[in-house]
Amino acid sequence: MKKADIKNLSAGDIQAQLTEAKAQYSKLKLAHAISPIENPIQIKDLRKTIARLNTELTNKQ
């Protein structure tokens with residue numbers, strides 16, 4: 001998710017996206033630990049998206 005997309009979301013939407021992203025991150029980490037996933041860069045991108053969501057949520061509060 002891009003920063004511009006996140007800025008347009010409300011605080012409730014950001015919280016929902018954050019919960020979904022954290023769940024997806026956990027699944028990817030587990031899948032990668034069991035057997036290497038095809039594109040490990042997804043993990044890095046998802047971690048950065050979570051950080052962007054947390055930052056924007058803090059700014060809106």
Side-chain angles (χ1 to χ4, degrees):
M1 239 180 164
K2 300 288 183 179
K3 187 176 180 182
D5 297 335
I6 295 171
K7 277 195 170 281
N8 294 331
L9 297 174
S10 68
D13 292 337
I14 291 174
Q15 188 66 40
Q17 289 285 332
L18 187 59
T19 303
E20 182 181 320
K22 284 182 179 181
Q24 187 178 3
Y25 179 72
S26 296
K27 288 179 185 176
L28 272 178
K29 288 291 282 184
L30 181 63
H32 188 63
I34 293 170
S35 66
I37 58 175
E38 187 176 312
N39 189 4
I41 294 173
Q42 289 175 326
I43 296 172
K44 181 177 80 169
D45 291 342
L46 195 53
R47 192 171 58 236
K48 287 184 179 184
T49 299
I50 291 170
R52 286 186 191 108
L53 287 167
N54 277 325
T55 301
E56 192 59 36
L57 187 61
T58 301
N59 288 340
K60 289 194 184 262
Q61 290 177 346

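Quick caveat: nothing in here was measured; it's all calculated off a predicted structure.
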Could you give the side-chain donor-acceptor pairs of residues 21-34 under 3.5 Å, partners two or more places apart or in another chain?
residue	atom	partner	partner atom	Å
Ser26	OG	Lys22	O	3.2
His32	ND1	Ile37	N	3.3

Inset, instruction - Go through the structure and list residues passing side chain to side chain contact (heavy atoms under 4.5 Å, CB included) with Asn39, not counting sequence neighbours. - result: Ile41, Gln42
Under 3.5 Å, sequence neighbours excluded: what are the donor-acceptor pairs made by side chains of residues 53-61?
residue	atom	partner	partner atom	Å
Asn54	ND2	Ile50	O	3.4
Thr55	OG1	Ala51	O	2.9
Thr58	OG1	Asn54	O	2.9
Asn59	ND2	Thr55	O	3.4
Lys60	NZ	Lys7	O	3.3
Lys60	NZ	Leu9	O	3.0

Legend entry - For Asp13, side chain to side chain donor-acceptor pair (under 3.5 Å) partners two or more places apart: Ser10
Legend entry - Inter-residue atom distance Thr49.OG1 - Leu46.CG, 0.5 Å rounding: 6.0 Å
